[in-house]
Amino acid sequence: MKKINKVQITAVSMMLFAIFFGAGNMIFPPAMGQLAGDHFLQALVGFIVTDVGIAVLGIMAIVMAGTSIDDLGGLVGRKFALFFSMSVYLLIGPFFGLPRTANVSFEIAVFPYIDPDAKRMVLLIFTAAFFLVTYYLSSNPNHLIDVVGKILTPFLLLSILIIFIAAFINSDGNGSIAFGQMMKPSGVYKTSPFFQGMIEGYNALDGPAGLAFAIIVIHALQGYGIKDKKAIAKYTGICGLGAAAFLSIVYFMLAYVGAITNTSFKNGGALLHAVTNHLLGNAGGIVLGVAVLLACFSTAIGLTSSFANYFSAILPEKWTYKRIIALVCGFSFVVANVGLDQLIAISLPILVMIYPVTIVLIVLSFFKKQIKNRRMVYVLGMLFTWIISFLNGMEQAGVPLGILEKWLSFIPLNDLGFGWIWFGMLGAFIGIFSIWPANKVSDKNKSLTR
């Protein structure tokens, strides 16, 4: 069995880290850290579980099921596989993920240095340039590992490390912001920092993204000559854990910076910009701007390439890889000009609805041998989960649910956003029994293939 060396493993791990680490990963940990205060470590662990943990499990689930997200969705059925795959790619692509990379880049790297009255025009110009560069780099996917894994990532890590070291050694609160002392936690972080951190982990979008990025890791490993399925699974796991380690370290640094920032800010981007200027002067804003821009470019390249690879395989031949890249970049450019605040406000309720269903499918896929051909385990497990997560998403969006709100309050952990766990387990258990026609059909098909 062919092997790859440590340098190659590190390159793939760093490529995967850089593709994952984008807009949300940069702004949500410091905002969470500030709200969690001296409970930031508990919140950080929760964030890592639903962000890094689910992302790595998602990649492994794809490799174990086959080579693509369709293979994972196929455990439920062909039609569901197509619907599920398209939903994930649209969510992390032109609907939310891709536009957000441009918005965050603009808000942190550009907006602080321009006249606020010119924001609309400058945003239009910036996002046009952003997606033109994304199109160019994504149209050359063979060079992705070199551009992202070997060039952009080291500079990104160095930039964040500079910010962290400056924050760690500087406890002087004098200056433009109150800084240097951990505050008491606020809101839900007072009593449930771990679970609230898990909810914050949804925002980064890495769970669904892991399903899409698996193919990039597989292609990278195949480029090194790894063809055997067991070897691909082995090295995918190793590289996934390597990327998880990089992400966890960076999240700690960013959450720590937020935890020792006492002045309140409306979001993590504004917090980071103020902190870097406080610690490093005008140079701080440049360091932060470059770091954010590189993080967002890395993710935008990965998202665009994955999106185009998937849809070029299922659409008619006239929809070539480059044509799809052009379309997705153009659409993302339009959505990006709606504004960051609006995108975040819309995306969170949708993530609260979709994320739990994705988690259930990923977790159940690891029990494929035990579940065997009982397809209803997946169907009912996800259906029961979706019922509760849908209601949670409606609550998150501020939609009144009437008597349902009282009923939901009786479900353990639902006030923390995790009542769906019990319903997912119940649905999966009910799906075990042979009373379901789908299970019986599977039994018959299985016997015919023996």
Side-chain angles (χ1 to χ4, degrees), residues 17 20-60 160 164 182-210 240-241 243-261 267-268 271-272 344 347-363 366 385 388-389 392-393 395-396 408 411-425:
F17 158 81
F20 273 128
F21 192 81
N25 311 72
M26 195 78 177
I27 63 175
F28 291 120
M32 178 186 68
Q34 181 172 58
L35 293 174
D38 55 16
H39 285 176
F40 88 96
L41 284 177
Q42 297 98 306
L44 178 63
V45 172
F47 187 94
I48 290 172
V49 167
T50 52
D51 179 66
V52 179
I54 299 302
V56 173
L57 286 179
I59 292 174
M60 292 303 301
I160 297 173
F164 171 72
M182 286 193 188
M183 304 293 286
K184 294 296 181 182
S186 60
V188 183
Y189 289 101
K190 293 179 181 179
T191 55
S192 306
F194 174 78
F195 287 106
Q196 187 60 28
M198 291 180 72
I199 294 293
E200 289 296 331
Y202 289 177
N203 282 312
L205 274 175
D206 286 337
L241 290 174
F246 285 125
L247 284 165
S248 298
I249 292 170
V250 173
Y251 288 157
F252 168 79
M253 291 190 286
L254 291 172
Y256 174 82
V257 170
I260 62 173
T261 303
N267 58 55
L271 185 153
L272 282 176
I344 293 176
S347 64
L348 184 55
I350 294 176
L351 289 174
V352 169
M353 295 179 189
I354 294 176
Y355 219 105
V357 177
T358 304
I359 293 174
V360 169
L361 178 59
I362 290 172
V363 171
F366 284 90
T385 298
I388 301 301
S389 63
N392 290 156
E395 284 184 308
Q396 184 70 46
L408 289 172
I411 302 174
L413 297 181
N414 193 68
D415 59 326
L416 301 173
F418 293 94
W420 56 266
I421 292 176
W422 313 112
F423 277 72
M425 293 171 62

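Side chains included, hydrogens not; waters and symmetry mates left out as well; all remaining heavy atoms used.
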Visitor: NZ of Lys190 to NZ of Lys184: how many Å apart, nearest 0.5 Å?
Guide: 11.0 Å
Visitor: With side-chain contact (heavy atoms from CB on, under 4.5 Å) as the criterion, how do Ile199 and Phe418 come out once you've worked through the C-alpha distance, each side chain's angles and the decisive distance to 0.1 Å?
Guide: CA-CA 9 Å; Ile199 294 293; Phe418 293 94; 3.9 Å; yes
Visitor: Could you tell me which non-hydrogen atom of Asp206 sits nearest to which non-hydrogen atom of Ala55, and how far apart they are?
Guide: O-CB, 3.3 Å
Visitor: Quick one: pull up CE in Met182 and OG1 in Thr261 and give me the separation to the nearest 0.5 Å.
Guide: 10.0 Å
Visitor: So does His39 get a backbone contact from the side chain of Tyr189, meaning a donor-acceptor N/O pair under 3.5 Å?
Guide: no
Visitor: Locate the shortest heavy-atom distance separating Ala204 from Asp51; write the atom from each residue and the value.
Guide: CB-OD1, 3.1 Å
Visitor: Does Met198 reach the side chain of Phe195, with side-chain heavy atoms less than 4.5 Å apart?
Guide: yes
Visitor: When you look at Leu247 and Phe17, which way does the side-chain contact (heavy atoms from CB on, under 4.5 Å) test go after all the steps?
Guide: CA-CA 6 Å; Leu247 284 165; Phe17 158 81; 3.5 Å; yes
Visitor: Fit a plane to each ring of Phe40 and Phe252, take the angle between them on a 0 to 90° scale, and name the class: parallel (under 30°), tilted (30 to 60°) or perpendicular (over 60°).
Guide: tilted
Visitor: Set out, in order, the CA-CA distance, both residues' side-chain angles and the distance that settles side-chain contact (heavy atoms from CB on, under 4.5 Å) for Leu57 and Phe366, then state yes or no.
Guide: CA-CA 9 Å; Leu57 286 179; Phe366 284 90; 3.8 Å; yes
Visitor: Could you report the tightest heavy-atom contact between Pro185 and Ala36, atom names first, then the distance?
Guide: CB-O, 3.1 Å
Visitor: side-chain contact (heavy atoms from CB on, under 4.5 Å) for Leu351 and Leu205? Distances and angles first, verdict last.
Guide: CA-CA 8 Å; Leu351 289 174; Leu205 274 175; 3.2 Å; yes
Visitor: List the atom of Asn392, the atom of Gly417, and the distance in Å for their closest heavy-atom pair.
Guide: OD1-O, 4.4 Å
Visitor: Out of curiosity, Met26 CE to Leu272 CG, how far, rounded to the nearest 0.5 Å?
Guide: 5.5 Å
Visitor: What is the minimum heavy-atom distance between Ile362 and Gly58, and which atoms define it?
Guide: CD1-CA, 3.8 Å
Visitor: For residues Ile59 and Gly210, report the shortest heavy-atom separation together with the two atoms involved.
Guide: CG1-O, 3.3 Å
Visitor: Could you give the distance from CG (Leu254) to CD1 (Ile27), rounded to the nearest 0.5 Å?
Guide: 11.0 Å
Visitor: First locate atom CG of Leu408, then atom CD1 of Ile411, and finally report the distance between them rounded to the nearest 0.5 Å.
Guide: 5.0 Å
Visitor: Checking Trp422 side chain against Pro412 main chain: does a donor-acceptor pair fall under 3.5 Å?
Guide: yes
Visitor: When rounded to the nearest 0.5 angstrom, what is the spacing between CD in Glu395 and CG in Asp415?
Guide: 10.0 Å
Visitor: May I ask you to decide if the ring planes of Tyr251 and Phe47 are parallel, tilted or perpendicular, using 30° and 60° as cut-offs?
Guide: perpendicular
Visitor: Whether the side chain of Ser389 engages the backbone of Thr385 through a donor-acceptor N/O pair (distance < 3.5 Å, no angle test) should be reported.
Guide: yes
Visitor: Are Pro30 and Val257 side-chain neighbours, meaning at least one heavy-atom pair lies under 4.5 Å?
Guide: no
